[in-house]
Number of protein chains: 2
Amino acid sequence: MRECCDMRGFLSFIVLRLISKKSMSGHELSQEIKKRKGSKPSPGTIYPVLKALSENGFIEEIKDKGKIKKYRLTKKGKKELEIATVKFCQIFYDMKDEFGRRC
Amino acid sequence: MRECCDMRGFLSFIVLRLISKKSMSGHELSQEIKKRKGSKPSPGTIYPVLKALSENGFIEEIKDKGKIKKYRLTKKGKKELEIATVKFCQIFYDMKDEFGRRC
DNA sequence: TTTACAATATCGCATATCCGATAAAAAATA
DNA sequence: TATTTTTTATCGGATATGCGATATTGTAAA
């Protein structure tokens, strides 16, 4: 075991959540994720995730020329995020207390 | 993509959390996880996880008569859970609001 | 004791996740 | 425009995660 509870997985979920609040580029996402997780996802991690989310119609590019490509949620993506959030809350409902204590 | 955000991973974390509240057997854990996630982990999933956690000294058996083994956290396991919980809160700190709204 | 059942254990397989290296493209700067 | 830097894209490989099938073990019931 590499490390118990290294919080793998959930990267798509985190990305959807971050984008839902503010349109972001791959690079910005990487930086925000580094802030939270401590480690920055490698380019080989983040871009394939964005590609997959894109291909599945959950996010879409907004690119005005001269600027870095950013992503925003689609309608489908919003639905997906809502579903995932509900699931998350069901699974971790008792983390509420932890958050209350720690944040 | 199987499904975006299917909440894979985190099984060890969930197990540690559940056991931290109440000593449980593999079977009980499966049932509680089914309640939360909707799907029950297969025996081929849950028992290897318990074995790994055990071998790493995070949990230990309390065997009261019978074949039903229950597990409890060790001191090392408590530390590990604390570390993981802090990390979790850092990554998902803004889920606090969601919990507030939904639970 | 024999049978039936429930809980646990293990195996092989499929897929997902993530990384590092490398390349390409775009933007910024000179 | 030419050059450098930043950002994005892709590929191969390593490891993790989880499933289903099967076997084992222990318990209770017949």
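The model shown is predicted, which means the values in this text are computed figures rather than measured ones.
B/Gly44 comes within contact range of at least one nucleobase, with a heavy-atom separation under 4.0 Å.
The ring-ring contact (aromatic ring centres under 6.0 Å, His included) search around B/Phe88 returns A/Phe88, A/Phe92, B/Phe13, B/Phe92, not counting sequence neighbours. In this structure B/Lys34 satisfies the salt bridge (charged side-chain N to carboxylate O under 4.0 Å, His left out) test with no other residue, sequence neighbours excluded. When the side chain to side chain donor-acceptor pair (under 3.5 Å) test is applied to A/Lys69, the partners found at least two apart in sequence or on another chain are A/Glu61. Considering only residues two or more places apart in sequence or on other chains, B/Glu28 meets the side chain to side chain donor-acceptor pair (under 3.5 Å) condition with B/Ser25. Every residue two or more places apart in sequence or in another chain that forms a side-chain contact (heavy atoms from CB on, under 4.5 Å) with A/Gln31 is listed here: A/His27.
Proximity of A/Lys67 to the phosphate of D/dT8: no side-chain N or O atom is located under 4.0 Å from OP1 or OP2. For A/Lys51 and D/dT10, the shortest distance from a side-chain N or O to OP1 or OP2 is below 4.0 Å.
The stretch residues 37-51 of chain B participates, sequence neighbours left out, in no side-chain hydrogen bond (donor to acceptor under 3.5 Å, both in side chains) pair at all. Under the salt bridge (charged side-chain N to carboxylate O under 4.0 Å, His left out) criterion, the residue pairs touching residues 77-87 of chain B are A/Arg102-B/Glu82, with sequence neighbours excluded.
The CG atom of A/Leu50 sits 8 Å away from the P atom of D/dA9 (whole-angstrom rounding). Rounded to an integer number of Å, the gap from B/Ile33 CD1 to D/dG18 P is 9 Å. B/Lys69 places its NZ atom 11 Å from the C1' atom of D/dG26, with the value rounded to the nearest Å.
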Taking N or O atoms only and anything under 3.5 Å, show me the protein contacts with nucleotides 4-6 of chain D, one pair per line.
none

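Of the residues in residues 35-43 of chain B, those lying under 4.0 Å from DNA chain D by heavy-atom distance are B/Pro41, B/Ser42.
Here B/Phe99 and A/Tyr93 keep their ring centres 6.0 angstrom or further from each other.
Both B/Ser25 and A/Gly66 lie close to DNA chain C; mapped to their nearest nucleotides by heavy-atom distance, the more 5′-ward contact belongs to B/Ser25.
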